[in-house]
Amino acid sequence: MSDPDDTTLREASVYERIYAITGQIPRGRLASYGQIAAIEGRCTPRMVGYAMAAVGQREVPWQRVINSRGTVSDRRHGGGTNRQRRLLESEGVVFDRAGRVDFHIFGWAGPDWEWLEVNGFYPAPVPGQAGRKLT
DNA sequence: CTTTTGACGCGTA
DNA sequence: CTACGCGCCAAAA
């Protein structure tokens with residue numbers, strides 16, 4: 001039942017939906033795998049990790065997705081984590097001595113209301129900002 | 001069709 | 001704080 005007038009990403013593949021959401025993260029802000037998954041609505045945080053590992057040459061700001069502990073996740077096959085951290089630091093993200101970032105400062109509040117509505121997604125809570133009042 | 005391949009999160013000890 | 005265990009599953013080959 002695919003409606004040709006449906007311009008949302010409802011019928012898109014899970015990975016494409018994940019990439020679309022990730023593409024909304026602004027420079028210098030961060031989202032967790034779980035946060036993206038919650039917005040996507042039907043996948044698990046782990047799926048988001050799988051999708052990030054498969055971005056390839058797509059123009060997606062994959063570096064802005066980190067784990068819920070606020071650290072850059074390790075790869076199965078060596079390096080890459082260091083490159084991710086450098087990319088983030090070049091966007092202004094600050095890591096503490098333990099290599100962690102503060103979601104209260106750099107956390108992304110999620111796509112704006114209209115984007116979610118137009119693309120057929122649903123709002124989701126933000127790590128470290130649960131109950132944060134919307135302004 | 002089957003097999004392989006991975007950048008998570010949370011609870012518990 | 002660390003170290004497990006365990007559920008999670010779409011894509012590409």
Side-chain angles (χ1 to χ4, degrees):
Chain A
M1 307 300 258
S2 55
D3 176 2
D5 288 334
D6 184 4
T7 57
T8 71
L9 295 167
R10 238 184 284 272
E11 306 292 325
S13 73
V14 175
Y15 280 22
E16 287 306 319
R17 285 160 55 82
I18 289 171
Y19 296 144
I21 295 164
T22 302
Q24 290 301 112
I25 309 174
R27 199 183 148 75
R29 306 311 293 289
L30 302 164
S32 70
Y33 297 93
Q35 184 186 351
I36 300 295
I39 295 168
E40 195 282 332
R42 23 192 212 213
C43 75
T44 61
R46 188 136 200 196
M47 288 288 309
V48 177
Y50 297 149
M52 290 302 110
V55 279
Q57 300 306 299
R58 254 169 293 237
E59 290 186 47
V60 173
W62 53 270
Q63 73 274 23
R64 298 173 193 155
V65 183
I66 64 176
N67 61 51
S68 64
R69 300 183 322 248
T71 66
V72 171
S73 293
D74 288 321
R75 308 294 191 270
R76 193 180 203 304
H77 298 294
T81 60
N82 213 285
R83 169 172 140 76
Q84 181 173 6
R85 175 167 171 164
R86 285 200 311 275
L87 282 171
L88 290 175
E89 289 177 324
S90 75
E91 297 184 4
V93 175
V94 178
F95 289 78
D96 67 16
R97 202 159 14 200
R100 302 181 13 166
V101 299
D102 187 349
F103 275 112
H104 290 286
I105 300 173
F106 302 104
W108 176 48
D112 53 77
W113 185 89
E114 188 175 332
W115 189 91
L116 291 170
E117 191 73 15
V118 169
N119 293 288
F121 287 106
Y122 199 74
V126 179
Q129 294 185 28
R132 179 167 173 274
K133 191 175 184 181
L134 299 175
T135 47

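Sequence lines set the chain letters: A, B, ... in the order given, protein chains first and strands last, and positions in each chain run from 1.
- Residue-level contact check: A:Thr81 touches neither bases nor backbone, having no heavy atom under 4.0 Å from any strand.
- Annotation: A:Arg58, atom CZ; neighbour count of heavy atoms from other residues, nucleotides and ligands within 6.0 Å is above 12.
- Mapping heavy-atom proximity under 4.0 Å, the span of DNA chain B touched by chain A runs 5' to 3' from B:dG6 to B:dC10.
- Shortest non-hydrogen contact noted between A:Trp108 and A:Ala31 is CE3-CB, 3.7 Å.
- A:Arg76 comes within contact range of the sugar-phosphate backbone alone, with a heavy-atom separation under 4.0 Å but no base atom that close.
- Rounded to an integer number of Å, the gap from A:Arg42 CZ to C:dC8 C1' is 16 Å.
- Panel note: side chain A:Tyr19, backbone A:Ala51; a donor-acceptor pair is recorded below 3.5 Å.
- Residues meeting the side chain to side chain donor-acceptor pair (under 3.5 Å) test with A:Arg27, sequence neighbours left out: none.
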Is there any protein nitrogen or oxygen under 3.5 Å from a nitrogen or oxygen in nucleotides 4-6 of chain C, and what are the pairs?
none

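- Rounding to the nearest 0.5 Å places OG1 of A:Thr22 at 3.5 Å from CE of A:Met52.
- Taking atom P on both nucleotides, B:dT5 is separated from C:dC8 by 22 Å, rounded to a whole Å.
- Looking at residues 50-67 of chain A, you'll see A:Tyr50, A:Met52, A:Ala53, A:Trp62, A:Asn67 sit with a heavy atom under 4.0 Å from some atom of DNA chain B.
- Residues A:Ala37 and A:Pro45 approach most closely at CB-N, 3.6 Å, considering heavy atoms.
- Taking atom P in both C:dG7 and B:dG6, one finds a spacing of 22 Å when rounded to whole Å.
- For C:dA11 and B:dC1, the C1' atoms lie 15 Å apart once the distance is rounded to whole Å.
- Rounding to whole angstrom units, CE of residue A:Met47 and P of C:dA12 are separated by 11 Å.
- In terms of hydrophobic clustering, with Ile, Leu, Val, Met, Phe, Trp and Tyr side chains grouped at heavy-atom distances under 4.5 Å, A:Ile21 and A:Val118 are assigned to different clusters.
- A:Glu89 is linked by a salt bridge (Lys or Arg N to Asp or Glu O under 4.0 Å) to A:Arg85, counting only residues two or more places apart in sequence or in another chain.
- The CD atom of A:Glu16 sits 14 Å away from the C1' atom of C:dA12 (whole-angstrom rounding).
- Atom CZ of A:Arg75 sits in a crowded spot, with more than 12 heavy atoms from other residues, nucleotides or ligands closer than 6.0 Å.
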Determine all donor-acceptor pairs shorter than 3.5 Å in which one atom belongs to a side chain in residues 59-67 of chain A; sequence neighbours excluded.
{"unit_1": "A:Gln63", "atom_1": "NE2", "unit_2": "A:Glu91", "atom_2": "OE2", "d": "2.9"}
{"unit_1": "A:Arg64", "atom_1": "NE", "unit_2": "A:Glu91", "atom_2": "OE1", "d": "3.0"}
{"unit_1": "A:Arg64", "atom_1": "NE", "unit_2": "A:Glu91", "atom_2": "OE2", "d": "3.2"}
{"unit_1": "A:Arg64", "atom_1": "NH1", "unit_2": "A:Ile25", "atom_2": "O", "d": "2.8"}
{"unit_1": "A:Arg64", "atom_1": "NH2", "unit_2": "A:Glu91", "atom_2": "OE2", "d": "3.0"}
{"unit_1": "A:Asn67", "atom_1": "OD1", "unit_2": "A:Arg69", "atom_2": "N", "d": "3.0"}
{"unit_1": "A:Asn67", "atom_1": "OD1", "unit_2": "A:Gly70", "atom_2": "N", "d": "3.3"}
{"unit_1": "A:Asn67", "atom_1": "OD1", "unit_2": "A:Thr71", "atom_2": "N", "d": "3.1"}
{"unit_1": "A:Asn67", "atom_1": "OD1", "unit_2": "A:Thr71", "atom_2": "OG1", "d": "3.2"}
{"unit_1": "A:Asn67", "atom_1": "ND2", "unit_2": "A:Thr71", "atom_2": "O", "d": "2.9"}
{"unit_1": "A:Asn67", "atom_1": "ND2", "unit_2": "A:Thr71", "atom_2": "OG1", "d": "2.9"}
{"unit_1": "A:Asn67", "atom_1": "ND2", "unit_2": "A:Ser73", "atom_2": "OG", "d": "3.1"}

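- Distances shown here put a side-chain N or O of A:Arg100 below 4.0 Å from the OP1 or OP2 atom of C:dC1.
- Around the CZ atom of A:Arg42, the shell of radius 6.0 Å holds more than 12 heavy atoms that belong to other residues, nucleotides or ligands.
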